[in-house]
Amino acid sequence: MHASKQTEDRKSGTKRTPFVVTPVHDLLLHDLNTLHRATAEQLTRLNYKMGMLTTVKARLKDLSDNRYVLPLSHPSIRLPYMYALDRKGLNHLASQGVDVREYFRPSSEEDSAKNFLFREHMLAISDILIHSLLFEKTEPSYRISSMLHERVFKNNPIKATYERNNREETRTIVPDAYLEFVHTREPGKEETIPVMWELDRGTEDQKFFRRRIRAYSVFLRSRAFKTLFSIENITIAFATTKNHNRMKQMREWTRKELAASSEPLWLGQLFLFTSLPENIGEIEPRQLFLDPIWYLPSDDENPVSLLGE
């Protein structure tokens with residue numbers, strides 16, 4: 001409670017009712033733990049119809065006023081609040097046995113929110129995770145068995161080593177997200193489909209992008225994913241929100257890097273690329289995961305489905 005409000009309550013003799021986390025507030029806290037950063041619009045899209053946006057904003061204000069969530073704003077650009085869990089929100093979830101995985105320092109969170117590109121990147125990750133969760137809700141033959149956010153990998157970067165020409169090469173990757181889907185094709189027959197995500201906003205030049213591809217090549221050649229995730233295969237999915245030409249550019253740079261390091265054909269087939277609208281709400285979750293909108297590095301004619309149907 002703000003000091004001025006406390007003073008007003010003392011003067012008027014009123015007694016403020018203690019705040020209680022209700023199930024609808026609890027749901028928002030759990031959603032923020034999954035997404036790490038989200039706007040009111042994103043949190044509404046995940047669990048409600050958009051007509052509930054004003055109600056969700058009011059619930060977030062309750063949580064913010066009582067220090068369960070932290071509203072993050074940009075100092076010079078008028079943008080919707082981006083919300084993160086505050087200390088009391090983290091403690092509330094931890095008391096339920098939730099693994100919150102957060103090192104919390106308010107000043108650090110507020111400083112990072114001032115970086116416009118960081119903010120947009122975090123919200124883009126949330127968009128992908130929300131579409132994944134909505135896809136799971138609407139497609140009963142699919143379930144998500146694992147979902148890891150970039151912040152998990154920032155705390156524990158993936159290091160992979162592969163020996164090439166009698167020299168060991170070690171690279172580090174920090175994916176934007178890792179999603180593991182389980183598809184039940186028929187009773188008793190399940191297929192695990194792991195996808196590592198990289199979200200592009202058109203800000204990286206060729207040098208840095210190819211360095212990223214090189215790191216993933218080492219990761220794939222070393223088969224480090226088998227040890228890390230207990231899986232036998234993986235797809236590296238690059239999605240850009242800039243435009244279709246940017247997607248073509250990423251594919252070209254990938255071809256060049258794979259050729260420069262003489263990678264085998266099978267390795268190139270583990271990379272997929274797509275171009276998405278800046279507002280991901282313009283496409284349905286099913287389109288993202290099941291429609292043939294994804295391209296291999298070297299095939300312009302035969303787009304494929306991300307989950308392989």
Side-chain angles (χ1 to χ4, degrees), residues 19-74 77-96 98-102 104 106 109-110 112-116 118-139 143-144 147-152 176-177 179 197 199 239 241 276-286 288-289:
F19 176 71
V20 176
V21 177
T22 67
V24 293
H25 294 111
D26 186 69
L27 178 62
L28 290 171
L29 295 175
H30 279 270
D31 288 344
L32 277 174
N33 186 54
T34 298
L35 303 174
H36 291 265
R37 303 291 178 272
T39 63
E41 185 274 336
Q42 288 177 317
L43 291 164
T44 303
R45 181 158 31 99
L46 178 55
N47 279 307
Y48 303 102
K49 300 290 186 185
M50 290 312 297
M52 284 285 290
L53 178 58
T54 301
T55 301
V56 170
K57 285 182 176 180
R59 291 169 183 170
L60 287 166
K61 186 176 187 309
D62 289 341
L63 290 166
S64 173
D65 288 346
N66 289 279
R67 304 292 179 87
Y68 283 82
V69 304
L70 187 65
L72 300 167
S73 59
H74 193 278
I77 307 173
R78 188 174 177 83
L79 296 166
Y81 281 123
M82 177 174 70
Y83 292 91
L85 287 171
D86 207 333
R87 174 73 64 198
K88 284 174 72 174
L90 291 165
N91 291 343
H92 171 82
L93 294 177
S95 71
Q96 298 177 352
V98 175
D99 179 8
V100 295
R101 296 192 186 193
E102 279 277 11
F104 178 75
E109 301 299 335
E110 288 161 357
S112 65
K114 295 173 185 176
N115 182 326
F116 179 77
F118 171 82
R119 170 196 162 91
E120 294 302 291
H121 180 68
M122 292 298 288
L123 295 181
I125 295 174
S126 293
D127 275 337
I128 292 296
L129 298 185
I130 289 167
H131 255 48
S132 304
L133 292 164
L134 292 175
F135 174 75
E136 183 185 40
K137 288 179 182 179
T138 56
E139 299 293 331
R143 62 181 172 86
I144 298 171
M147 176 182 282
L148 298 175
H149 193 282
E150 176 194 56
R151 287 173 74 95
V152 175
D176 291 329
L179 286 166
W197 289 82
L199 306 181
T241 53
L276 300 175
E278 191 159 350
N279 176 11
I280 197 174
E282 293 176 15
I283 65 168
E284 294 295 323
R286 181 181 176 84
L288 177 62
F289 294 102

(request) Mark yes when over 12 heavy atoms from residues, nucleotides or ligands other than F135 sit less than 6.0 Å from its CZ; otherwise mark no. (result) yes
(request) Please list, chain by chain and in numerical order, all residues satisfying side chain to side chain donor-acceptor pair (under 3.5 Å) with H92, sequence neighbours excluded. (result) D26, Q96
(message) Closer than 3.5 angstrom, by distance alone: can the side chain of T44 be matched with the main-chain N or O of M50 as a donor-acceptor pair?
(response) no
(message) Could you measure the distance from the CD atom of E120 to the CG atom of D127? Nearest 0.5 Å is fine.
(response) 9.5 Å
(request) Please round to the nearest 0.5 Å and tell me the distance separating atom CD1 of I125 and atom CH2 of W197. (result) 11.5 Å
(request) List for me each residue that meets ring pair (Phe, Tyr, Trp, His ring centres under 6.0 Å) alongside H25, sequence neighbours excluded, and say none if there are none. (result) F19
(request) For L90 and V100, work out which heavy atoms get closest and say how close. (result) O-CG1, 3.7 Å
(message) Please evaluate residues E150 and M122 with respect to the criterion side-chain contact (heavy atoms from CB on, under 4.5 Å), reporting the C-alpha separation (whole Å), side-chain torsions for both, the decisive distance (0.1 Å), and the verdict.
(response) CA-CA 9 Å; E150 176 194 56; M122 292 298 288; 3.9 Å; yes
(request) Report the C-alpha separation of L288 and I128 in whole Å, then their side-chain angles, then the decisive distance to 0.1 Å, and conclude whether the side-chain contact (heavy atoms from CB on, under 4.5 Å) test is met. (result) CA-CA 9 Å; L288 177 62; I128 292 296; 4.2 Å; yes
(request) Without swapping roles, check the side chain of E139 against the backbone of R286 for a donor-acceptor pair under 3.5 Å. (result) no
(message) What I want to check is whether the side chains of D176 and H121 have a donor and an acceptor closer together than 3.5 Å.
(response) yes
(message) Test: salt bridge (charged side-chain N to carboxylate O under 4.0 Å, His left out). Region: residues 49-63. Which pairs qualify, not counting sequence neighbours?
(response) K61-D65
(request) Test L43 against L35 for side-chain contact (heavy atoms from CB on, under 4.5 Å), laying out the working first. (result) CA-CA 9 Å; L43 291 164; L35 303 174; 4.1 Å; yes
(message) List the residues meeting ring pair (Phe, Tyr, Trp, His ring centres under 6.0 Å) with H149, not counting sequence neighbours, and say none if there are none.
(response) H36
(message) Among residues at least two apart in sequence or on other chains, which ones pass side-chain contact (heavy atoms from CB on, under 4.5 Å) with E136?
(response) L133, R143, I144
(message) I'd like to know if the side chain of T138 and the backbone of L134 have a donor-acceptor N/O pair within less than 3.5 Å.
(response) yes
(request) Kindly indicate, with the supporting measurements, whether the criterion side-chain contact (heavy atoms from CB on, under 4.5 Å) is fulfilled by V24 and L28. (result) CA-CA 7 Å; V24 293; L28 290 171; over 6 Å; no
(message) Run the salt bridge (charged side-chain N to carboxylate O under 4.0 Å, His left out) test against K137 and tell me which residues pass, sequence neighbours left out.
(response) none
(request) Work out which heavy atom in L123 is nearest to a heavy atom in Q42; give both atom names and the distance. (result) O-NE2, 3.0 Å
(message) Using every non-hydrogen atom in the two residues, find where L179 and S132 come nearest and quote the distance to one decimal.
(response) CD1-OG, 3.0 Å
(request) Taking all heavy atoms of L72 and all of A84, pick out the closest pair and write down the distance. (result) CD1-CB, 4.1 Å
(request) Just jot down the side-chain contact (heavy atoms from CB on, under 4.5 Å) partners of L27, sequence neighbours excluded, or say none. (result) D31, N47, Y48
Using atom types as modelled, flag every donor-acceptor pair under 3.5 Å from a side chain in residues 276-285 to any protein atom, sequence neighbours excluded.
unit_1, atom_1, unit_2, atom_2, d
E278, OE2, R201, NH2, 3.4
N279, OD1, G281, N, 3.1

(request) Could you grab the distance from atom CE of M82 to atom CZ of R37, nearest 0.5 Å is fine? (result) 6.0 Å
(request) Kindly compute the distance separating CG (L93) from NE2 (H30), expressed to the nearest 0.5 Å. (result) 5.0 Å
(message) So which atom in H131 and which in F289 form the shortest heavy-atom distance, rounded to 0.1 Å?
(response) O-CE1, 3.7 Å
(request) Please report the closest heavy-atom contact between Y83 and L32, naming both atoms and the distance. (result) O-CD2, 3.4 Å
(message) Would you say that D86 contacts L63 through its side chain, given a criterion of any heavy-atom pair below 4.5 Å between the two side chains?
(response) no
